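Remarks on the structure that follows.
Note that ligands are numbered from 1 as they come in the structure, with each ligand's atoms numbered from 1 the same way. All of these numbers come straight from a predicted model, not from anything done at the bench. We count residues from 1, following the sequence as given.
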Amino acid sequence: GEALAEATGDPAARIEALRREIEHNSYLYYAKDAPAISDAAFDSLMHELRALEAAHPELIDPSSPTQRVGGYVGEQFAPIQHERRMYSLDDAMGAEELDEWLARVKEFFGTIPELVCELKIDGSSVAFTYEGGRLIRAATRGDGTTGEDITVNVRTVKDVPLRLRDGALSGIRDADASIELRGECYMPKTSFEALNAAAEANGKQPFANPRNAAAGSLRQKDPQITAHRDLSTFVYAVGDERKLMAETQWDLLKWLGEAGFHVNPDIALVTSAEEVHEFCRKSLERRDALPYDIDGVVVKVNSFAQQEAMGYTARAPRWAIAFKFPPEEKTTLLRDITVQV
Ligand code: NAD
């Protein structure tokens with residue numbers, strides 16, 4: 001990787017090679033649900049590209065993979081416009097990068113504001129639209145602006161409420177208007193293993209990991225296939241928070257639970273860097289014991305008003321960070337790669 005770039009000394013050529021390799025692998029990952037390289041290998045390509053672009057700002061291009069939300073809108077699904085854009089998350093690889101983000105937040109507000117720590121569920125992003133309390137649409141993240149209509153498939157996911165609980169409607173400012181709620185659809189580890197065992201027994205291609213299995217199951221032409229896959233959800237976000245009475249991420253999570261969604265119970269409301277680190281440490285320790293995959297911790301500024309004040313980059317909110325865990329052994333089964341320039 002990096003050594004090769006140094007050796008050739010042509011940053012423009014290296015950047016172009018990285019962009020091509022990243023685009024190709026994103027296509028296999030998002031469009032085909034069949035990655036050819038490990039996430040760790042992919043992340044190191046992105047990391048190197050970001051570092052090179054930072055060192056050579058004149059080479060930044062709006063069509064670079066660093067400037068967009070990774071995703072794909074397939075032609076076999078109708079396009080759905082998201083209520084507001086769906087973003088990706090910036091990564092902190094290790095404690096030092098987490099501290100850099102905490103320092104930026106502290107500098108912005110003068111003090112560390114209330115922060116919410118959540119597990120980073122390694123599934124597939126889904127946006128659920130309710131109108132008058134009833135589920136009317138569901139979409140993938142897609143390119144962030146436009147997602148794929150997977151409503152019929154999502155209707156088969158048993159823990160997605162088809163109707164919000166009555167008591168929760170008072171938490172929506174205009175209960176008759178539509179509202180987009182967002183979360184992660186995932187396949188539990190044991191179900192993933194059973195699915196792959198069955199695929200192999202039938203001579204079919206297995207999925208690379210539970211995340212790709214969840215994404216692939218949601219993007220089926222035939223909802224009967226989705227219905228036979230064991231999928232669950234954790235919901236944690238709203239498209240347009242102005243539509244809710246809740247004014248913080250913490251109150252949003254509470255409301256989502258009351259509305260009938262599955263909300264992940266491992267959450268913490270904290271006010272110091274130490275507590276954030278502690279939450280990350282504990283979550284990493286518990287990772288293997290959880291029945292579903294997590295690939296890190298997401299830390300979010302709690303107040304919606306404070307979130308808006310910090311704003312967004314082209315691809316991610318400034319008010320949140322994904323603290324990434326080191327890759328798990330099993331994902332390194334996929335080939336590791338070096339990009340040629
Ligand atoms: P990401 O998955 O790392 O982070 C953003 C996503 O986290 C959000 O869209 C959301 O769906 C999810 N999330 C889970 N729990 C959350 C929570 N509690 N709060 C908020 N969001 C939460 O970023 P990405 O842009 O979706 O994808 C990048 C990932 O895909 C990387 O891990 C990368 O390695 C992998 N990837 C791999 C390949 C490959 O070839 N192996 C190719 C492309 C992407």
Next item on the list: Could you name the option among Asp39, Ile121, Leu28, Val298 that has the heavy atom nearest to atom 15 (N) of ligand 1?
Entry: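 Checking each option, the heavy atom nearest atom 15 (N) of ligand 1 is found in Ile121.
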Next item on the list: Identify which of Tyr186, Tyr236, Tyr27 has a heavy atom lying nearest to atom 16 (C) of ligand 1.
Entry: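 The nearest heavy atom belongs to Tyr236.
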Residue part near ligand 1, for [X], under 4.0 Å between non-hydrogen atoms:
{"X": "Leu89", "value": "both"}
{"X": "Met86", "value": "neither"}
{"X": "Met46", "value": "neither"}
{"X": "Val69", "value": "neither"}
{"X": "Tyr30", "value": "side chain"}
{"X": "His24", "value": "neither"}
{"X": "Ala41", "value": "neither"}

Check whether any side-chain heavy atom of [X] lies under 4.5 Å from a side-chain heavy atom of [Y], and answer yes or no.
{"X": "Leu98", "Y": "Cys280", "value": "yes"}
{"X": "Phe325", "Y": "Ile294", "value": "yes"}
{"X": "Asp149", "Y": "Pro79", "value": "no"}
{"X": "Arg50", "Y": "Met46", "value": "yes"}
{"X": "Leu135", "Y": "Phe128", "value": "yes"}

Going by heavy atoms, is [X] under 4.0 Å from ligand 1?
{"X": "Leu119", "value": "yes"}
{"X": "Arg182", "value": "no"}
{"X": "Ala322", "value": "no"}

Salt bridge present between [X] and [Y] (N-O < 4.0 angstrom):
{"X": "Arg68", "Y": "Asp143", "value": "no"}
{"X": "Arg281", "Y": "Glu278", "value": "yes"}
{"X": "Glu241", "Y": "Arg84", "value": "yes"}

Between [X] and ligand 1, is there a nitrogen or oxygen pair with a distance under 3.5 Å?
{"X": "Ala40", "answer": "no"}
{"X": "Ile37", "answer": "yes"}
{"X": "Lys120", "answer": "yes"}
{"X": "Asp91", "answer": "no"}
{"X": "Phe42", "answer": "no"}
{"X": "Ser125", "answer": "yes"}

Item checked: salt bridge (charged side-chain N to carboxylate O under 4.0 Å, His left out) pairs, two or more places apart, involving residues 258-274 ->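 Sorted result for residues 258-274: Asp266-Arg286.
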Taking 4.0 angstrom as the limit and counting only heavy atoms of [X], give me the atoms of ligand 1 inside it, by number and element.
{"X": "Lys300", "value": "17 (C), 19 (N), 20 (C)"}
{"X": "Asn25", "value": "40 (O), 42 (C)"}
{"X": "Ser38", "value": "41 (N)"}
{"X": "Lys324", "value": "3 (O), 31 (C), 32 (O)"}

Check: How far does CG of Leu164 sit from CD1 of Ile172, to the nearest 0.5 angstrom?
Finding: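 Result: 5.5 Å between the selected atoms.
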Note to self: Quick check against the 3.5 Å criterion: does Arg141 have a side-chain atom that pairs as donor or acceptor with the backbone of Gly70?
What the structure shows: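 Between the backbone of Gly70 and the side chain of Arg141 there is a qualifying donor-acceptor contact (under 3.5 Å).
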Note to self: Given Asp90, which partner from the list Lys324, Arg318, Arg315 fulfils the salt bridge (charged side-chain N to carboxylate O under 4.0 Å, His left out) test?
What the structure shows: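 The option that passes is Arg315.
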Next item on the list: Could you note down all residue pairs passing side-chain hydrogen bond (donor to acceptor under 3.5 Å, both in side chains) where residues 220-229 supplies at least one of them, sequence neighbours left out?
Entry: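 Sorted pair list: Ser217-Arg229.
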